[in-house]
Structure formats: structure tokens, C-alpha cells
Amino acid sequence: MSNATDAAAPLSDVTVWYLEQTSPADLRPAGAPEGPVTVVRAETALPEFSRFLYTAVGGDIRWTDRLRLTYAQWQEILERPGTETWVAYESGTPAGFIELEPQDDGAVEIAYFGLIPAFRGRRIGGHLLSYGVARAWDLAERHPERTPTKRVWLHTCSNDGPHAMDNYLRRGFRLYDTRTEQEPDVANPGPWPGAHA
């Protein structure tokens, strides 16, 4: 999905890593962070909230693929059977999220995962990832129409945060593929111009 702005932007090489777990026993949970952190499922499919999380978490690491979606397209993604969004809160404030997307073959993709920059480096990410992966493994218990989970997978890239890959490996994910792709070399979208300066 590209537009004229992307077409005019110079391209840069991006390394994409694919990781997986093939058994619930693969998960190595992180310790709980200090402080009042809770993880709650966002059970109402609400594009406004989902877009807030997406831009707040991904604005400084070039998450741009969903920015062009219409409200109806965003709603359609959130309402896919079995799709879940789990949100970490610290003292009542959203700190990050993990979005689970089940697939027909018993795989569950971690479509998005990350923390708002102000909450990074405080052990919340390992906790949220551990919790979210456990929910990927037991997803069919909440959605009996889904095939029981046989595999949890994700991809990350060289544009992601510097601690992302280490977090995935520490949680028991294994690398199974590496690719190099070209992406438009565009500015980070922010959640708004000047954020994270």
C-alpha cells in the first residue's frame, strides 16, 4: 500500500526477522515490573482507541502501514473473529499494547506489540509480552470456534526499538527466517510532529 509521497521517498534496506514458538512450554515469562501495572483486554472494538495505541507506540519507529486505513477498514481488522488487543496500564495510564491475530491453521500472529516511549526501559515490555503470548496460547479457550493454538509467531525489523529482539529471544521465541526488504525512507510519523524530541 503506497502513495505518491512514499513513491518519491528514497528507499532503504530493512532487515526483517521472523520468530516463533511452537509449544506453550517455549514461553519463558519475564518477572513482574515494579509498580502498579495491569494488563486488560480491550473487549470493545474501537478504532479510535486502537489508532491512539498504534500512533503512540509506533510513532518513533516508523509504524506507518495502518495510518492510511479508513475507519471502516480499522473496524474490520478489530472485528475479525478471535482478534484481541491487550493493553498494559501503569497507574491507570495506557503504557503499551499487544494485538493478537489468529489464523486458520492454528497459528496466532502477534500483529503489533510495543510500549509508549515514556514507559520503555521499566520492565513493562517483558511482562506485557509474556502475558500476551500466554493469551495467544490459550486464545481458543475464549474463542471456541478457533482452532487451538499450535504456533505463535511474529516479525520484527531493524527499524524497531533496540531492545525488541532481545525481549523476544528472552521470552523463548526462536528465529526461523531473515529477509532484507526495501522500504521508503520516511520520517517517523510521531503521534504528532515534535513528539519524542
Side-chain angles (χ1 to χ4, degrees), residues 1 16-33 37-54 57-58 63 65-66 69 72-90 94-115 119 123-157 160-161 163-179 181:
M1 205 196 261
V16 181
W17 297 285
Y18 294 81
L19 300 104
E20 68 180 354
Q21 293 183 5
T22 54
S23 165
D26 291 340
L27 175 60
R28 295 195 304 263
V37 175
T38 57
V39 181
V40 178
R41 181 177 162 204
E43 295 191 46
T44 300
L46 189 65
E48 294 92 338
F49 185 50
S50 184
R51 194 176 197 282
F52 156 73
L53 292 169
Y54 178 89
V57 169
W63 285 8
D65 57 314
R66 285 194 179 177
L69 298 183
Q73 289 170 321
W74 210 296
Q75 187 85 28
E76 181 183 351
I77 290 169
L78 297 175
E79 290 181 345
R80 289 176 185 158
T83 295
E84 295 184 346
T85 301
W86 293 84
V87 184
Y89 293 87
E90 184 185 67
F97 77 109
I98 186 166
E99 183 179 304
L100 308 177
E101 185 178 303
Q103 297 159 348
D104 291 337
D105 58 359
V108 175
E109 179 183 3
I110 296 176
Y112 290 96
F113 162 73
L115 297 178
F119 294 94
R123 300 182 58 197
I124 297 171
H127 176 66
L128 174 59
L129 182 61
S130 300
Y131 194 93
V133 172
R135 300 296 68 77
W137 280 113
D138 64 19
L139 189 136
E141 294 176 17
R142 293 179 302 284
H143 304 277
E145 75 283 2
R146 303 301 310 176
T147 301
T149 303
K150 300 172 186 169
R151 175 176 173 258
V152 178
W153 72 280
L154 60 90
H155 69 273
T156 187
C157 75
D160 207 346
H163 305 292
M165 179 65 93
D166 186 53
N167 192 10
Y168 295 134
L169 295 174
R170 285 176 182 265
R171 303 291 75 78
F173 281 91
R174 293 177 303 277
L175 181 69
Y176 71 90
D177 195 11
T178 302
R179 301 178 189 174
E181 300 177 358

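The figures here come from the full heavy-atom set of this structure, side chains too, leaving out hydrogens, waters and symmetry mates.
R28 and S130 are not linked by any side-chain donor-acceptor pair at a separation below 3.5 angstrom, with hydrogens and angles left out of the test. Side-chain contact of E76 with W74: a donor-acceptor pair under 3.5 Å is absent, judged by distance alone. In this structure, a donor-acceptor pair under 3.5 Å is present between the side chains of Q21 and W137.
Applying the side chain to side chain donor-acceptor pair (under 3.5 Å) criterion to D177, with sequence neighbours excluded, gives R179. R41 pairs by the side chain to side chain donor-acceptor pair (under 3.5 Å) definition with nothing, not counting sequence neighbours. Looking at residues two or more places apart in sequence or on another chain, you find no side chain to side chain donor-acceptor pair (under 3.5 Å) involving W63.
The shortest side-chain heavy-atom distance between R135 and R142 falls under the 4.5 Å cut-off. You'll find the side chain of H155 stays beyond 4.5 Å of the side chain of W17, heavy atoms only.
The nearest pair of heavy atoms linking I124 to A88 is CG2-CB, 4.3 Å. The two residues V57 and G96 make their nearest non-hydrogen contact at CG2-CA, 4.3 Å. Considering all non-hydrogen atoms of both residues, P148 and A140 come closest at CA-CB, 3.7 Å.
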| message | Under the criterion salt bridge (charged side-chain N to carboxylate O under 4.0 Å, His left out), I'd like the reasoning laid out for R66 against E99: C-alpha separation, chi angles, the key distance, then a yes or no. | response | CA-CA 13 Å; R66 285 194 179 177; E99 183 179 304; 2.7 Å; yes
| field | Test log, rule side chain to side chain contact (heavy atoms under 4.5 Å, CB included), inputs L139 and R146 | value | CA-CA 8 Å; L139 189 136; R146 303 301 310 176; 4.0 Å; yes
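A centroid separation of less than 6.0 Å is found between the aromatic rings of Y54 and Y112.
No side-chain donor-acceptor contact under 3.5 Å links D160 to the backbone of C157.
Residue D104 qualifies as open at atom CG: its count of foreign heavy atoms under 6.0 Å is 12 or below.
Ring-plane geometry between F49 and F52 is classed as parallel, the angle between the planes falling under 30 degrees on a 0 to 90 degree scale with a further cut at 60.
Taking the ring axis of Y176 as reference, the NZ or CZ atom of R174 does not stay both within 45° of it and closer than 6.0 Å to the ring centre.
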